[in-house]
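First up is the structure itself, then whatever we jot down about it.
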Amino acid sequence: MSVTGYDRLLRPWVIGVGPYVPGVSAAEVKARYGRDDMIRLNWNENLFGPLTGVVEETAAALESVWAYPEEAYEELRRAIARWTGAAPDQVIPGHGIQALTLALISAFVEPGDAVVIPRPTYGLYAQACAVAGARVVRVSNTAAHALDLEAVAAAATEHHAKLVWICDPNNPTGLRLAASDWAALLDALPEDCLAVADEAYCDYIDPAHRIDRLSDIGAGRRVIVLRTFSKIFGLAGLRLGYMLAHESLAPHIDAVQEPFNVNRAALAAGISSLRRVDQLDARREQVRRARERLAAPLAAAGIRALPSDANFVLIELGDDDVRVADTLAARAGVLVRPGSEFGLPGYVRVTTAEERVMDAVGERIAAAVRR
């Protein structure tokens, strides 16, 4: 069958959207520059790795890979509930935030529905909603790169939106919301509009300063929260996330998710990680120091780094971001994400790593900008 023949069979909204592209891979850069020593600071992975002891416990669980993971599912759900303060039936595990995002869209979005998405933010929301046939309404962030929640609420009202997507802290900026601004957004949204809060990076915020969205769910507000084990827990390669939602939603989300879509290794790693949450304060401090060490040589060179509450920093270069990223890859073996890839030309996003790496990367960026 020709491509044209497939075009006639495909849903029309799928054509022309293309796959989600996370950025250039280390393998691509290796092929381009002939380097084997690439440091991946472009994908927001946790370069500090899993919490101590998690890998060993996960390996021990592999003896049970012959069995379906229904019991481990329930164990993880209960462990997340204890940690977050949710009820177990408010916890919906999934194969990472990406899979849960697709499940939400499958459950809620029909062709023609309006969804409101800030710009820039995590790219999968718009791509997946467009493939579902939604009318994707983009709202630009403020001049200071903060989410413009007043504009989001106004767009949701104007377009009778079914969903709004809020990443907090936002990717790629690292900026987080104030609780008062979040409350004002919920009050301003139309009655039948659902607010989806992607909290992938929230674990890098001191728990005392986080927005309590679980209380919103308990109060019957139209709020769904997405969280992940990829970031502070360092399990990106195992693909594990979870949704916090009103208990009445769980059967409907499960109806569109693949049954047991989380494998036993991921479940074991998640359960093991939750036994070690006492290590998270040290991990948060480790990342905070890394952000500071990256920003210091940049500030000395007159280059601004946005304040961040995530495991990455957005840097305003005042220069060609693609050229700077190429220079870092070719000369230093360091991958950073050019801002042009997500609508912020003149910026780069840099993932945190060990302090000595941050010192060197900050100096390298300053030197590349001065050229």
When you look at T228 and I97, which way does the side chain to side chain contact (heavy atoms under 4.5 Å, CB included) test go after all the steps?
-> CA-CA 6 Å; T228 185; I97 280 182; 3.8 Å; yes
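- For the pair R176 and D309, the salt-bridge criterion is met [side-chain N within less than 4.0 Å of a carboxylate O].
- At a threshold of 4.5 Å between side-chain heavy atoms, the hydrophobic network of Ile, Leu, Val, Met, Phe, Trp and Tyr places V115 and M243 in one connected group.
- Heavy-atom minimum distance, A103 versus V256: O-CG2, 3.3 Å.
- In this structure, F233 has its ring center under 6.0 Å from that of W83.
- Judged by distance alone, with hydrogens and angles left aside, the side-chain atoms of Y73 form a donor-acceptor pair with the main-chain N or O of V262 at under 3.5 Å.
- Taking every heavy atom of both residues into account, A130 and V136 meet most closely at N-CG2, 3.9 Å.
- Of the possible donor and acceptor atoms, none in the side chain of E363 sits under 3.5 Å from a partner among the backbone N and O of P297.
- Each of I80 and L226 belongs to its own hydrophobic cluster when Ile, Leu, Val, Met, Phe, Trp and Tyr are linked at side-chain heavy-atom distances under 4.5 angstrom.
- No more than 12 heavy atoms of other residues, nucleotides or ligands sit less than 6.0 Å from atom CD of E63.
- No side-chain donor-acceptor contact under 3.5 Å links R213 to the backbone of V225.
- In this structure, the side chain of D321 engages the main chain of S340 through a donor-acceptor pair within 3.5 Å.
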Go through the steps to decide whether D168 and Y201 satisfy the test side chain to side chain donor-acceptor pair (under 3.5 Å), and finish with yes or no.
-> CA-CA 7 Å; D168 182 30; Y201 301 95; over 6 Å; no
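- You'll find the side chain of I365 reaches within 4.5 Å of the side chain of L317, heavy atoms only.
- Between the side chain of H159 and the backbone N or O of A161 there is no donor-acceptor pair closer than 3.5 Å.
- There is no path of hydrophobic side-chain contacts, each under 4.5 Å, that joins F108 to V223.
- Salt bridge status for D187 with R221: present, with a side-chain N to carboxylate O gap under 4.0 Å.
- Separation of atoms CZ (R293) and CE (M358) is listed at 10.5 Å; rounding is to 0.5 Å.
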Show your reasoning for whether side chain to side chain contact (heavy atoms under 4.5 Å, CB included) applies to I166 and D198.
-> CA-CA 6 Å; I166 302 296; D198 182 344; over 6 Å; no
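- V348 and I39 fall within a single hydrophobic cluster, where Ile, Leu, Val, Met, Phe, Trp and Tyr side chains are chained together by heavy-atom contacts under 4.5 Å.
- With rounding to the nearest 0.5 angstrom, the OG atom of S106 is 14.5 Å from the NE2 atom of H252.
- Side-chain contact between V357 and D359 is absent, with no heavy-atom pair separated by less than 4.5 Å.
- From L41, atom CG reaches atom CE of M38 across 9.5 Å, with rounding to the nearest 0.5 Å.
- With respect to the salt-bridge test (charged N to carboxylate O, under 4.0 angstrom), the residues D216 and R222 do not qualify.
- Residues L163 and L194 are in side-chain contact: their nearest non-hydrogen atoms beyond the backbone lie under 4.5 Å apart.
- Put simply, the side chain of L47 does not reach to within 4.5 Å of the side chain of T352, judged on heavy atoms.
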Using the salt bridge (charged side-chain N to carboxylate O under 4.0 Å, His left out) rule, take R289 and E292 through it: C-alpha gap first, then chi angles, then the decisive distance, then the call.
-> CA-CA 5 Å; R289 290 196 307 268; E292 290 183 351; over 6 Å; no
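- Cation-pi contact between R337 and W43: absent, since separation from the ring centre below 6.0 Å together with deviation from the ring axis within 45° is not met.
- In this structure a side-chain-to-backbone donor-acceptor pair under 3.5 Å is missing from S272 to A268.
- Summarising the geometry of L100 relative to G241, their closest heavy-atom pair is CD1-C, 3.8 Å, with the distance given to 0.1 Å.
- Of the possible donor and acceptor atoms, none in the side chain of E341 sits under 3.5 Å from a partner among the backbone N and O of P338.
- In the displayed structure, E355 atom CD is contacted under 6.0 Å by more than 12 heavy atoms of other residues, nucleotides or ligands.
- A salt bridge does not link R78 to E75: none of the charged nitrogens lies less than 4.0 Å from a carboxylate oxygen.
- Put simply, CD on E199 and NZ on K231 are 14.5 Å apart, with the number rounded to the nearest 0.5 Å.
- No side-chain heavy atom of W165 sits under 4.5 Å from any side-chain heavy atom of T121.
- With a 4.5 Å cut-off on side-chain heavy atoms, V313 and L306 do not count as touching.
- Under the 4.5 Å side-chain criterion, counting only non-hydrogen atoms from C-beta, V116 is in contact with V139.
- Taking the six-membered ring for Trp and the full ring otherwise, the centers of Y347 and F342 sit at least 6.0 Å from each other.
- Under the 3.5 Å distance criterion, the side-chain polar atoms of N311 are matched with a main-chain donor or acceptor of N44.
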Please walk me through it: do C193 and V164 pass side chain to side chain contact (heavy atoms under 4.5 Å, CB included)?
-> CA-CA 7 Å; C193 183; V164 298; 3.8 Å; yes
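- Using a 4.0 Å cut-off between charged nitrogen and carboxylate oxygen, D203 and R227 do not count as a salt-bridge pair.
- Heavy-atom minimum distance, L147 versus P118: CD2-CB, 3.6 Å.
- Interatomic distance, CG of L314 versus CG of L175, reported as 8.0 Å (0.5 Å rounding).
- Judged purely by atom type and a 3.5 angstrom limit, N141 uses its side chain to pair as donor or acceptor with the backbone of P120.
- Linking ILVMFWY residues whenever their side-chain heavy atoms come closer than 4.5 Å, directly or via other members, leaves F229 and L124 in distinct clusters.
- Remark: the Y122 side chain and the N170 side chain contain no N/O donor-acceptor pair separated by less than 3.5 Å.
- The shortest side-chain heavy-atom distance between I232 and L280 falls under the 4.5 Å cut-off.
- Using a 3.5 Å distance cut-off with no hydrogens or angles, the side chains of N171 and R349 do pair a donor with an acceptor.
- In terms of heavy-atom proximity, I217 sits nearest to A245 at CG2-C, 3.7 Å.
- D326 has no carboxylate O lying under 4.0 Å from a charged side-chain N of R323, or vice versa, which leaves the two without a salt bridge.
- Ionic pairing of R288 and E285 is present here: one or more N-O contacts between side-chain nitrogen and carboxylate oxygen are shorter than 4.0 angstrom.
- Salt bridge present: E57 and R276 bring a charged side-chain N and a carboxylate O closer than 4.0 Å.
- Atom CG in D319 sits 11.5 Å away from atom CD in E316 (nearest 0.5 Å).
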List the steps, then state whether side chain to side chain contact (heavy atoms under 4.5 Å, CB included) holds for R239 with Q98.
-> CA-CA 9 Å; R239 316 307 306 121; Q98 291 92 339; 2.4 Å; yes
